[in-house]
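No experiment lies behind these values; they were computed from the predicted model shown. By convention here, the first residue in the shown sequence is residue 1. Both ligands and their constituent atoms are indexed starting at 1 by order of listing. The figures that follow rest on heavy atoms only: side chains count, while hydrogens, waters and symmetry mates do not.
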Amino acid sequence: MTGNCMIKAVRGTRDLLPPDTALWNFVEAAVRDVFRAYNFHEIRTPIFEETQLFARSVGEETDIVAKEMYTWEDPPRLLQEYIDSYREVTAALREGRQPSGKLVSLESLAGTQSLTLRPENTAGIVRAYIEHKMWNRGLNKFYSIGPMFRRERPQKGRYRQFYQIDAEVIGPPSAGSESPARDAEILELLATLLDRLGIKDWTLQLNSVGCPNDRVVYNEALRKALEPVAPKMCSDCQRRAVTNPLRVFDCKVPEDQPIIEKLPRISHYLDESCRKHFEQVQEILKAAGVPFTLNDRLVRGLDYYTRTAFEFTHGALGAQNAILGGGRYDGLSESLGGPSAPGIGFAIGEDRLVLALKESAEAVQHKPEVYIAPLGPGMDREAARLARELRHHDLVVELGDETFRLKKSFEAATRAGARFILIVGENEVKTDTFALKHLASGEQVSVPRAELALRIQSTL
Ligand code: AMP
């Protein structure tokens, strides 16, 4: 490799470029509008947190925590210095010589912290809820938009830095946070949002994964069922069968699927209150006209989920067809040292949402309404004045350059997709009247300065 070797974006990350960014902005604007109508408020949490936060909430045995997190010791140098000094001292001892430096003391490492780039955002939001004692405000409805990081195998629709649109409803039970009405409201919001974005062909897959009590009984049943078959499964499943059997359902190995298909179903293990809760969610959804499909294999890849769990899938996305996922997490606050704070939330994969929308990209592009072509020395100044005036009228203006010949200005205006070209030459400036040409029709008119904005706007 030479010193001048080109540096590219890291594998699994990507640059979001125009015109695609217009689509991202369109999505985010629509999302913010819908959230406002449902009385959600934005929350922004840091993109890195203590590693323990994710280990304790998402779960040690999940793929996310066990394999996919970007984690480092902070400050990283201290740990490296410790390792280097340890290596040097052991090598010196082995070789019977004096070590070149001292062993870095273990105590000095006590100040280091294990940090992780967030792989998801519910844990961070619940941490913030506890840290800022937000239960005092009753029911909280949060949303946030931002990047997440998982060390997954990159492919279309799967990246190592990707974007999620998160929403969470969380609060003390006295504020109604446990109510099935909250679950149904979240799901209805999602249906509205996808419809508003023009995303058709979505399917809502719905399940209840029960509460911790059901989970103990179900996990026991799973463990028993897995005992005789686990040795035939992949090494991950063999481990999961012992440590966290529910996670066997996250397995993607094709050979394991027939075995998984025969395992006991969570729907048979729900207690009376969970069953009732789930029935009520379904009843409200039916009343609201939100279609859904029951799928009792859907357990989601995170440990904190209780009761309602769901995914929206979309036909056009291929292998990575889950456009969003979410569920209840009634015990999460307690497991992070907070008070009882039942909650429900979801994360939309924004990258996948944009992919699903891609066909209509053209519809949200903005193009310059007018390209100003200064012709000849000194005309850049006049063009700048005119551009400022027109932009004050909310027009999208692209500016040329006085060194361009007329032909080059026309080419540039066409390439930019401008609707009009406005010629700014010495004569025009003198008479304060400008040649305005409609590029598509070729029609040209002379327009006094004061009427320019109106003229351009009225022919939009
Ligand atoms: P999860 O937090 O795993 O439930 O994911 C919620 C949503 O985020 C999924 O339905 C996907 O749309 C999206 N998502 C998860 N992981 C990735 C990834 N590596 N790349 C792109 N989108 C992702």
Asks: Could you tell me whether a side-chain N or O of R352 sits under 3.5 Å from a main-chain N or O of I323, the two making a donor and an acceptor?
Replies: no
Asks: Does the plane of the ring in F312 sit parallel, tilted or perpendicular to the ring in W202? Use 30° and 60° as the thresholds.
Replies: tilted
Asks: Indicate yes or no: does E185 engage R182 in a salt bridge with an N to O separation below 4.0 Å.
Replies: yes
Asks: In chain order, what residues pass the side-chain hydrogen bond (donor to acceptor under 3.5 Å, both in side chains) check against W135, with sequence neighbours excluded?
Replies: none
Asks: So which residues, sorted by chain and number, lie with a heavy atom under 4.0 Å of ligand 1?
Replies: R150, E152, G157, R158, Y159, F162, Q164, R300, A322, I323, L324, G325, A347, G349, R352
Asks: Quick one: do R247 and D303 make a salt bridge, cutoff under 4.0 Å?
Replies: yes
Asks: Please verify the inter-ring angle class for F35 with F346; under 30° counts as parallel, over 60° as perpendicular, anything in between as tilted.
Replies: parallel
